[in-house]
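Below you'll find the structure, written out as structure tokens, and then a few comments.
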Amino acid sequence: MKLDNLKQQYKNTGRKSTSDILKVDRYENPQEALNLVAHICTAAADIDLSGCTESFYNMLGKIQDLFEEKNFTFANKDFFEDCENVVADMEDSDARMTLTIGVAGGYSSGKSSFLNALTNLGDLLPTGIDPVSIVNTEINCNPDATQISVRGCNIKNDIVLLDKEILGCIKHSSKTKVFLTSVLNKLTLDIPAPDYLCNVCFIDTPGYNNSSAANKENGVTDKDTALEAVKRADAVLWCIDSEISTITDTDFQMLKTLDVPYIIIFTKSDKKSKDEILHIMREAEKVCKKNIASNLPYAIVAATCASGKIESTTLDGKDLSQILRQLKKKCGTHDLLQYCCNRIEDLFTAEILVSEVKINANERLRQKLIEKKKRVNGEELEELEDETDQVRSTIKTEKDFCHLLNEKKTLILQEVKVACTESLKVVKRVLGTLQHLDHTEDKDIFSAISADNMGRFLACFSTGVDMTSLNRDKYTPMTAAVASGNNEMVKFLIEHNVGIDILREKDGRGYNAFETAVMNHYKDICSLLLNADPQLPRFSRPVVELSRMNNFEQWIKQYS
């Protein structure tokens with residue numbers, strides 16, 4: 001009774017009870033699902049930056065030849081390969097430089113819920129008690145983003161623009177049966193974010209301990225998928241359900257493989273008292289010192305997102321946002337151009353420093369030889385002269401080497417700047433021309449029913465349909481579907497019933513779904529409704545009386 005009163009209050013104030021709104025995954029529609037797979041497989045947008053970097057590689061090759069001709073020796077034997085890798089890494093990152101943080105842990109440890117709250121995604125990432133994420137999903141906190149956009153990388157490494165609803169399909173239990181991992185390698189969400197998260201890219205990984213069996217969709221275990229993501233992360237947030245209250249042995253096995261900073265986060269902390277949470281964190285601190293003293297956690301945090309926002313607790317009183325700011329500063333995140341230039345600068349600086357050490361050492365040796373020559377003569381003097389000449393030659397060679405390094409460093413940095421600038425332009429252009437996935441735009445449920453269009457009917461539910469709404473003839477979506485005689489539409493509404501009331505509830509005409517079916521003599525639909533709710537006749541007018549209310553015979557007499 002209280003629930004009915006509450007629903008009535010919502011209606012009286014113009015607000016709809018959530019139980020009145022039916023929202024269903026768009027891709028439960030087989031045709032929409034097939035369209036999605038086709039859209040992913042036929043994507044032709046590839047971010048090819050070779051045209052932007054060709055000049056850099058050509059120049060670097062010529063410079064390498066020049067140094068080899070002069071027989072200069074590098075302290076770092078891989079110097080030129082390392083220079084190439086700077087630009088190669090830029091290409092692999094789609095010309096975007098971020099701090100990558102992997103969010104990992106066991107299944108149902110609250111990873112996706114935590115990320116939803118941390119990045120203000122609402123309920124966009126799928127969550128649940130069953131294992132959900134089977135595709136590594138990147139949440140890119142892009143300082144240029146003004147709204148959330150979703151893009152994927154298919155098995156051909158081509159990029160495809162997607163809609164937000166695809167995120168509901170990346171879970172093991174998805175009813176769509178669209179096995180996206182068969183055609184999709186990665187998902188990336190570009191989102192606006194607070195300043196302290198800008199240029200941070202989170203990777204939502206599957207629960208590493210879901211199952212040891214490979215997923216039939218892609219032949220890869222969830223553990224392998226999680227490990228692959230963690231290995232390329234600059235830092236890791238390791239989530240553990242507070243209900244477990246401890247770091248398990250399997251957690252430690254995974255944590256021992258990390259060589260980057262990590263934060264242990266006990267999720268769902270609202271399920272425990274404050275004292276219990278503090279005890280859990282203190283015990284975690286102890287067992288970490290015992291089991292992984294060589295790489296202790298950067299921080300231990302207890303967090304809850306029960307309110308939709310992150311509320312955190314730490315032993316030293318710091319807020320999670322403070323800890324993430326410090327982690328970001330520790331790991332570093334840079335502008336792409338600055339990052340690439342710094343790496344090139346570091347490679348040249350290392351060589352110059354080694355060379356200067358050699359020059360200084362040989363200069364000291366030359367001074368000693370000069371002093372020694374003052375005290376000797378004859379054959380010994382000649383030997384010292386030869387040795388002094390060799391040292392002088394070595395000094396000159398090293399100085400020439402340093403001079404050439406400084407000269408060519410300027411040229412290489414100029415080419416790096418050109419490559420970065422042009423690459424960013426290409427990425428922006430490609431992402432701006434990605435083809436959208438076309439959907440049926442007409443979301444009028446009554447129009448879809450009257451047109452007997454099942455595709456449009458199903459598409460309406462992707463944004464939610466108010467099951468208490470009325471058309472101009474005062475039918476609800478339920479009674480309109482019944483009156484249309486479309487068995488499939490009625491089956492769909494029965495299977496996705498937001499509450500048994502939609503079968504019994506009267507529409508604006510004063511009739512419910514069963515009464516409407518009887519009046520129209522639809523035997524199949526009557527059977528469907530009675531199978532769903534055998535008590536319907538008790539909430540309806542006498543069926544015989546209703547069956548006689550079909551006024552076709554009276555209407556047709558006008559033509560006799």
Side-chain angles (χ1 to χ4, degrees), residues 49-50 52-92 97 259-260 294 330-332 334-423:
L49 302 179
S50 58
C52 306
T53 57
E54 183 178 1
S55 180
F56 168 84
Y57 291 126
N58 288 339
M59 171 179 277
L60 192 64
K62 291 176 182 178
I63 291 174
Q64 183 175 2
D65 291 340
L66 178 61
F67 277 91
E68 288 177 355
E69 285 174 10
K70 293 181 176 295
N71 293 317
F72 287 137
T73 303
F74 284 81
N76 174 12
K77 295 179 180 179
D78 299 323
F79 177 84
F80 288 101
E81 183 179 342
D82 288 345
C83 286
E84 287 182 354
N85 288 339
V86 171
V87 173
D89 289 347
M90 178 196 73
E91 292 180 277
D92 290 342
M97 186 48 57
D259 57 2
V260 295
S294 60
K330 175 182 174 67
C331 296
H334 307 278
D335 167 81
L336 173 69
L337 177 56
Q338 189 62 50
Y339 177 77
C340 290
C341 288
N342 286 349
R343 284 179 65 183
I344 294 291
E345 287 270 12
D346 290 344
L347 290 170
F348 275 88
T349 299
E351 288 298 327
I352 291 170
L353 286 175
V354 171
S355 190
E356 287 177 345
V357 169
K358 290 180 181 178
I359 290 170
N360 292 334
N362 279 285
E363 185 60 40
R364 287 193 298 270
L365 177 57
R366 190 180 72 85
Q367 292 297 330
K368 288 181 181 179
L369 291 172
I370 290 172
E371 291 298 322
K372 194 173 182 180
K373 283 193 297 182
K374 294 177 181 179
R375 299 190 298 270
V376 298
N377 52 42
E379 185 177 333
E380 187 175 359
L381 179 60
E382 290 181 7
E383 291 177 357
L384 287 174
E385 287 286 0
D386 290 342
E387 188 175 350
T388 302
D389 289 343
Q390 290 176 1
V391 172
R392 189 181 294 112
S393 176
T394 300
I395 292 173
K396 182 179 184 307
T397 298
E398 290 297 334
K399 285 184 176 180
D400 289 344
F401 178 59
C402 286
H403 177 75
L404 192 58
L405 279 172
N406 279 311
E407 179 185 308
K408 299 307 178 185
K409 179 182 72 172
T410 302
L411 293 175
I412 289 176
L413 285 174
Q414 286 175 351
E415 283 300 327
V416 167
K417 291 175 182 178
V418 170
C420 287
T421 303
E422 291 304 311
S423 295

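Heavy-atom basis, side chains included; hydrogens, waters and symmetry copies ignored.
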Original post:
Have E371 and Q367 got a donor and an acceptor in their side chains that come within less than 3.5 Å?
Top reply: no

Original post:
Do any N or O atoms from the side chain of E84 and from the backbone of Y57 form a donor-acceptor pair under 3.5 angstrom?
Top reply: no

**OP:** Step by step, work out the side chain to side chain contact (heavy atoms under 4.5 Å, CB included) result for L365 and L369.
**Re:** CA-CA 6 Å; L365 177 57; L369 291 172; 4.3 Å; yes

Subject >> Within-4.5 Å side-chain heavy-atom neighbours: R366 and I395 >> reply: yes

**OP:** Using a strict cut-off of less than 4.0 Å between a Lys/Arg side-chain nitrogen and an Asp/Glu carboxylate oxygen, indicate whether D389 and R392 qualify as a salt bridge.
**Re:** yes

**OP:** Find the distance between CD1 (I352) and CG (L347) and round it off to the nearest 0.5 Å.
**Re:** 11.0 Å

**OP:** Can you measure from CD1 (I412) to CE (M59) and round to the nearest 0.5 angstrom?
**Re:** 7.5 Å

Subject >> T53 versus A419, closest heavy-atom pair with distance >> reply: CG2-CB, 4.2 Å

Original post:
What do you reckon, is CG of N377 surrounded by more than 12 foreign heavy atoms closer than 6.0 Å?
Top reply: no

Subject >> Reported CZ-to-OG distance for the pair F56 and S423, which is rounded to 0.5 angstrom >> reply: 11.0 Å

Original post:
Taking all atoms of both residues into account, what is the closest heavy-atom pair of E345 and L413, and its distance?
Top reply: OE2-CD1, 3.4 Å

Original post:
What's the spacing between I63 CD1 and C83 SG if we round to 0.5 Å?
Top reply: 8.5 Å

Original post:
Going from CZ on R375 to CG on L384, what distance comes out if it is rounded to the nearest 0.5 angstrom?
Top reply: 9.5 Å

Original post:
Hey, are the side chains of E383 and V376 touching, using non-hydrogen atoms and a 4.5 Å cut-off?
Top reply: no

**OP:** Take D400 and K70, measure what side chain to side chain contact (heavy atoms under 4.5 Å, CB included) needs, and give me the verdict at the end.
**Re:** CA-CA 10 Å; D400 289 344; K70 293 181 176 295; over 6 Å; no

Original post:
Could you state the interatomic distance from NZ (K409) to CG (L411), rounded to the nearest 0.5 Å?
Top reply: 11.5 Å

Original post:
Would a line drawn from the ring center of F67 to the ring center of F79 be shorter than 6.0 Å?
Top reply: no

Subject >> Within-4.5 Å side-chain heavy-atom neighbours: T349 and L353 >> reply: yes

Subject >> Steps toward side chain to side chain contact (heavy atoms under 4.5 Å, CB included) verdict (K399, I359) >> reply: CA-CA 7 Å; K399 285 184 176 180; I359 290 170; 3.7 Å; yes

**OP:** Tell me, yes or no, whether the heavy-atom count around E379 atom CD, taken from other residues, nucleotides or ligands under 6.0 Å, exceeds 12.
**Re:** no

Subject >> Side chain proximity check, K417 to Q414, heavy atoms < 4.5 angstrom >> reply: no

**OP:** Show your reasoning for whether side chain to side chain contact (heavy atoms under 4.5 Å, CB included) applies to V354 and K358.
**Re:** CA-CA 6 Å; V354 171; K358 290 180 181 178; 4.0 Å; yes

Original post:
Do C420 and V416 touch side chain to side chain, with heavy atoms closer than 4.5 Å?
Top reply: yes

Original post:
Are V87 and L60 close enough that some pair of their side-chain heavy atoms sits under 4.5 Å apart?
Top reply: no

Original post:
So, the side chain of E351 versus the backbone of A75: is there a donor-acceptor pair under 3.5 Å, distance only?
Top reply: yes

